[in-house]
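Below is one structure, written out as structure tokens, with a few remarks after it.
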Amino acid sequence: MKNIPAYSPDAVEKKWQKHWEDTHAFAAEKSHEKPKFYPLIEFPYPSGAGLHVGHPRSNTAMDIIARKRRMEGYNVLFPIGYDAFGLPTENYAIKNKIHPAIVTEKNIARFRAQLKRIGFSFDYDREISTTDPKYYKWTQWIFLKLFEHGLAYKMEMPINWCTSCKVGLANEEVVGGRCERCGGEVVRKVKSQWMLRITDYAQKLLDGLDDVDFIEKVKVQQRNWIGRSEGAEVDFTLTTGDKLRIFTTRPDTLFGATYMVMSPEHPLIEQHKAQIENYEEIAAYREAAARKSDFERTELNKDKTGVEIKGIRAVNPVNGQEIPVWVSDYVLMGYGTGAIMAVPAHDERDWEFAKKFGLPIVEVVAGGDVQSAAYTDIQDGVMVNSGILNGLKVKDAIRTIIDWLQEKGLGERKVNYKLRDWVFSRQRYWGEPIPLVYCEHCGWVPLPYEQLPLTLPEVESYMPTDNGESPLAAMTDWVNTTCPKCGGPARRETDTMPQWAGSSWYFLRYIDPHNDDELASMEEMKYWLPVDWYNGGMEHTTLHLLYSRFWHRFLYDIGVVPTPEPYQKRTSHGMILGADGEKMSKSRGNVVNPDQIVDELGADAFRMYEMFMGAFDQAIPWSTEGARGCRRFLDRVWRLMEMLTDSDKVSSDMAYDVNFTIKKVSEDYERMKYNTAIAQMMSLVNAFYAKGQVTRGELRILCLLLNPVSPHITEEINELCGLGPELFHSPWPKYDEKALVKETVEIAVQINGKVRGRLEIPADLTREGAEAYFAANEDVQKLLGGKAVRKLIFVPGRLVNIVC
RNA sequence: GCGGGCGUGGCGGAAUGGCAGACGCGCCAGAUUUAGGAUCUGGUGCCACAGGCGUAUGAGUUCGAGUCUCUUCGCCCGCACCA
């Protein structure tokens, strides 16, 4: 072909992006005739820093799948939106005295422009933002439904308080005793908080994992987070006459319990103040424990502390033995019953504690040396010193003792979960207002649904207050209202919702984003749900993923959505590190700006490098040199136009390579093996160069295969050469099985397992015919040097191994 | 400590139990060019180089192991006193 223009990514990309935008090329079709496909990426938080090179990794990966599915004839919904409530925007607003809504709008505009420059095939007609009152109307609506069903409640409880953000945090937001966002110190503080009863859904969230295709490590993390454990609750009688209930997973070791431990916050301590001889000492210990942050409490776990409660003892229900009761902060009030029986012989923590305080260690499972270490094995051990359990294996003993306890009314089978209820309040401005009012007569009263959305008022200052109240609390005009129930005076809730709220259901809104009557129409949801493929970061596995599964399951239970699980498949991408192999951060100065890469190399090369740089699920250091290599490859693809020949067919000598590439690329995209798919296309292009020619038919196939990765250049080449209709709605190429069968193949010849030569043999040689074939082959006989063949292993298409 | 994952050239990484290092980066040489850049061609695991050695370590299974089993070492991620 003559007169090939120079490749200018900037011009080519602008041209196609405008064309796609003008024609709404990637809008999901209204009709439900075609099979649907709903791929999803985690919608970004529009930070002031703009897009990060990490975003395009997930986006491009799902864009490739979305584009391939359209070419395969699916109706594809590939949406985009913004998770725009949140602390950084609010902090920026405070610092610069700008309304967070204005900051948000600006940031979204920038993100949108950056995303469009990279050419993602999002359906921008369905764009949403969690900060839009038309959106958060439904976030509030869901909250009211949760409230209506008893799943939202307000409770005085110790919360994690970030001393720097001055805000309560969920357990999940505390990392190593510090605030996940700002790194500030986190202490305990008692405050009245809205809570969501996610614990009611622990078992459903666990069971639901069996019916979805999440990658295994995501399932494992969710299971660990929910933390189900089976055991029993057992009542010990105290010498005061009342009962102390404990939870244990090892009721078989009941005969080995030599003391008990209560959490410092256990209510029985206060109730028995009078009987406790050393109450002062206990109270002092409790105060010291409360002052410690969670972090310190766990940091010091090697050195256990505790105080014996003098004046109260407990009676072991299985043998009537009287044992001491201790207080220690290694027992947590928030799990089980806040008290344990201690079996030092068979629990490492109890063993350590017993050693430190000189408490007796009684062996009840034989198999170890319990004086030198706790014996915790449950496979081989046999019960000893255990009355009715003697001689039983651990598992049988557990069953036997629980039955016995239940019969005597001393205890019962019990399942516990590590999962805690979700602290849902934030003392912040830039979040969804909680649509409830407090009335002296009626208590907490929900706003009527028709009054939603309850919008954020304009305030003077977004600063949270030192006493822990939200900035909204200062807005008396807004706060003081009337009770929807009795009409009397009432006060609005001034806490707002956490950022997790808006992101817990956004995938539903994409389905029907402009609906003012419902969060989404049932008919549309029945067509589009569940999300077919959701890709995101591992950092959201235990928070966002679990929260959104919880909300969705609740909505399913009340008949609002048609599927129990929101996401059918969940995959995860690896992080992109700085060129130095460290996590990208401003302070390290190793941050790569996507705009710069697009400026220098073009969006197509940028997208390709993001996919080519390494295995998709692994952390990979950035290399701008590597990205230039992808640009060089696209230059080579462009110059294929110089060696174009007239045929619309695939030439016979290229048939194998072309068909193999179709097969490999098709399969690798599905398995997220983007790097090897691209490598294969590079090999094919190398083959065209080696030959010095490419037919129009061959180039068209290459453009189709490469289009999902680098959509602009491929459309341009296709158009310049007039190869066919626009690629993005052309059918995905199919390979010809027959073309993949070769007449001869080269195999390796091994003698005693070592490669000694190569041989061209007929491709259809069978295992049966192999012995005769190689016996008659001169080259093979030369390698054998007259030695007798003891055994011959022939692997068709691969090798022959002759043992002699 | 528990759970999950990983360890292959100078680098990113390929490899249904079957020719280790595909593809790319970097590097070397040549061609072209006034020069540089770009492009093209060839080369590039290591060594004592007609051969031998090589996938963190040591063993095992196998005709055959990067791949399967066990051992040791190292690294990453998640959870972390959850009874």
Side-chain angles (χ1 to χ4, degrees), chain A residues 172 175-176 215-221 223-225 227-229 231 246-251 253 261 263 294-295 297-302 304 328-332 334-343 346-350 352-353 376 416-420 538-539 541-542 574-575 579 581 608-609 612-615 617-630 632-633 635-636 639 673 675-686 689-690 746-759 790-804:
Chain A
E172 293 86 334
V175 177
I215 52 172
E216 197 53 31
K217 64 174 170 178
V218 169
K219 284 193 183 185
V220 166
Q221 271 192 37
R223 288 197 185 106
N224 289 348
W225 194 263
R228 180 191 157 101
S229 54
I246 59 102
F247 172 71
T248 177
T249 54
R250 294 290 307 275
T253 62
V261 188
S263 159
D294 274 354
F295 184 58
R297 244 169 114 151
T298 55
E299 264 295 271
L300 299 171
N301 70 17
K302 283 181 188 74
K304 290 201 165 36
S328 172
D329 63 4
Y330 85 89
V331 173
L332 308 171
Y335 183 79
T337 63
I340 62 158
M341 67 166 184
V343 184
H346 306 291
D347 181 282
E348 280 167 25
R349 297 150 302 184
D350 298 345
E352 217 179 286
F353 193 84
T376 57
N416 258 324
Y417 302 90
K418 286 186 201 169
L419 187 68
R420 314 286 172 83
M538 281 308 287
E539 70 274 20
T541 301
T542 45
M575 213 188 328
M608 175 175 281
Y609 178 62
F612 183 64
M613 62 195 303
D617 57 354
Q618 256 146 54
I620 308 284
W622 177 268
S623 158
T624 300
E625 281 309 315
R628 292 203 179 100
C630 288
R632 265 200 287 276
F633 170 66
D635 287 334
R636 274 163 75 78
R639 288 197 311 272
K673 298 262 183 188
N675 53 338
T676 51
I678 292 165
Q680 181 56 37
M681 290 186 277
M682 288 172 169
S683 294
L684 180 64
V685 170
N686 289 346
Y689 271 82
E746 195 192 62
I747 63 158
V749 181
Q750 291 185 343
I751 307 292
N752 292 330
K754 300 218 172 205
V755 180
R756 293 299 175 195
R758 285 162 223 285
L759 200 59
R790 296 220 325 259
K791 193 171 177 185
L792 185 143
I793 297 111
F794 174 58
V795 184
R798 296 283 184 179
L799 55 65
V800 61
N801 186 15
I802 300 169
V803 186
C804 58

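Values in this document were obtained by computation on a predicted structure and should not be read as measured data. To find a chain, count down the sequence lines: A is the first, B the second, and so on, and within it residues start at 1.
- Nucleotide rA50(B) forms a pair with no other nucleotide shown, judged by Watson-Crick or G-U wobble geometry with both contacts under 3.5 Å.
- In this structure, V795(A) reaches the bases: a heavy-atom distance under 4.0 Å links it to at least one base atom across the strands shown.
- In this entry the distance linking NZ of K217(A) with P of rG5(B) reads 9 Å, nearest Å.
- Summarising the local packing, CD of E746(A) is surrounded by more than 12 heavy atoms from other residues, nucleotides or ligands at distances under 6.0 Å.
- Of the candidates rG13(B), rA83(B), rG26(B), the closest approach to any side-chain atom of F247(A) belongs to rA83(B).
- Within the 4.0 angstrom heavy-atom criterion, only backbone atoms of the sugar-phosphate kind lie near R756(A); the bases stay farther away.
- Which of rC63(B), rC81(B), rG3(B) sits closest to the side chain of N224(A) comes down to rG3(B).
- For the pair F612(A) CZ and rC11(B) P, the computed distance is 17 Å after rounding to whole Å.
- Within the shown strands, rC40(B) is the pairing partner of rG30(B) under the Watson-Crick or G-U definition, both distances less than 3.5 Å.
- Rounded to whole angstrom, the span from the CE atom of M681(A) across to the P atom of rA14(B) amounts to 16 Å.
- Of the candidate nucleotides rC23(B), rC40(B), rC63(B), rC63(B) has the atom nearest to the side chain of N801(A).
- Taking atom P on both nucleotides, rC2(B) is separated from rU71(B) by 14 Å, rounded to a whole Å.
- Close to rA83(B), at under 4.0 Å from its OP1 or OP2, lies a side-chain N or O of Y335(A).
- When rounded to the nearest whole Å, the span between CZ of R628(A) and C1' of rG26(B) equals 13 Å.
- One finds the CE atom of M538(A) at 10.0 Å from the CG atom of D617(A) (value rounded to the nearest 0.5 Å).
- Comparing rG52(B), rA83(B), rG4(B) by their nearest atom to the side chain of T249(A) picks out rA83(B).
- When each of Q750(A) and G753(A) is assigned the nucleotide of RNA chain B bearing its nearest heavy atom, the one mapping closer to the 5' terminus is Q750(A).
- At a cut-off of 3.5 angstrom, the base of rC79(B) holds no donor-acceptor pair with the side chain of K418(A).
- Using a 4.0 Å heavy-atom criterion, one finds that G629(A) contacts the sugar-phosphate atoms exclusively.
- Candidate nucleotides rA83(B), rG26(B), rG12(B) were compared by shortest atom distance to the side chain of R632(A), and rG26(B) ranks first.
- At a threshold of 4.0 angstrom between heavy atoms, the contacts of I620(A) are confined to the sugar-phosphate backbone, with no base atom among them.
- Within the 4.0 angstrom heavy-atom criterion, only backbone atoms of the sugar-phosphate kind lie near N686(A); the bases stay farther away.
- Glycosidic conformation of rC75(B) is anti; the angle lies outside 90° of 0.
- Separation of the C1' atoms belonging to rU16(B) and rA65(B) is 15 Å when rounded to the nearest angstrom.
- rA83(B) makes up no base pair with any nucleotide shown, lacking Watson-Crick or G-U wobble contacts both under 3.5 Å.
- Residue R636(A) has a polar side-chain atom (N or O) positioned under 4.0 Å from OP1 or OP2 of rC40(B).
- When each of rC81(B), rC23(B), rG13(B) is scored by its nearest atom to the side-chain atoms of D329(A), the top-ranked nucleotide is rC81(B).
- A 3.5 Å limit on both hydrogen-bonding distances identifies no Watson-Crick or G-U partner for rU62(B).
- At most 12 heavy atoms of other shown residues, nucleotides or ligands fall within 6.0 angstrom of atom NZ in K673(A).
- Here rA35(B) sits opposite no nucleotide as a Watson-Crick or G-U wobble pair (both hydrogen-bonding atom distances under 3.5 Å).
- Rounded to whole Å, the C1' atom of rG64(B) lies 31 Å from the corresponding atom of rG43(B).
- A syn base is found at rG9(B): its glycosidic angle is within 90° of 0.
- Going from atom CE of M538(A) over to atom P of rC6(B) covers 13 Å, rounded to whole Å.
- Nucleotide rG78(B) is matched to rC2(B) when pairs are restricted to Watson-Crick or G-U wobble geometry with both distances under 3.5 angstrom.
- The aromatic rings of F353(A) and Y330(A) sit tilted relative to each other, their planes meeting at an angle between 30° and 60°.
- Spacing between rG12(B) and rA59(B) at atom C1', rounded to whole Å, works out to 32 Å.
- Counting to the nearest Å, the P atom of rC77(B) and the NZ atom of K219(A) are 25 Å from each other.
- Within 4.0 Å of Q618(A), counting heavy atoms only, lies no atom of the nucleic acid at all.
- What separates CG of L792(A) from P of rC63(B) is a distance of 14 Å, to the nearest Å.
- Summarising the base pairing, rA56(B) is matched to rU72(B) through a Watson-Crick or G-U wobble pair whose two defining distances lie under 3.5 Å.
- When each of rG12(B), rG18(B), rC81(B) is scored by its nearest atom to the side-chain atoms of P621(A), the top-ranked nucleotide is rG12(B).
- Nucleotides rU44(B) and rC25(B), compared at atom C1', are 13 Å apart to the nearest Å.
- At the heavy-atom level, A615(A) lies under 4.0 Å from the strands shown only through sugar-phosphate atoms.
- Closest to the side chain of V331(A), out of rC63(B), rG26(B), rA83(B), is rA83(B).
- As judged by a 4.0 angstrom heavy-atom cut-off over every strand, E348(A) is placed among residues making no nucleic acid contact.
- Comparing the P positions of rU41(B) and rC23(B) gives an interatomic distance of 13 Å, to the nearest angstrom.
- Contact annotation: K754(A) side-chain N/O to rC53(B) OP1/OP2 distance is under 4.0 Å.
- Here the P atom of nucleotide rG78(B) and the CD atom of E539(A) are 10 Å apart, to the nearest Å.
- Spacing between rU8(B) and rU67(B) at atom P, rounded to whole Å, works out to 13 Å.
- Listed nucleotides rG78(B), rC79(B), rC23(B) differ in distance to Q221(A); the shortest reach to its side chain belongs to rG78(B).
- In this structure, rC11(B) forms a base pair with rG24(B), meeting either the Watson-Crick or the G-U wobble geometry with both donor-acceptor distances under 3.5 Å.
- With rA83(B), rA22(B), rG18(B) as the choices, the nucleotide that has an atom nearest any side-chain atom of S229(A) turns out to be rA83(B).
- E216(A) and K219(A) are not joined by a salt bridge, as no carboxylate oxygen comes within less than 4.0 angstrom of a charged side-chain nitrogen.
- Contact annotation for R223(A): no contact, since no heavy-atom pair falls under 4.0 Å across all strands.
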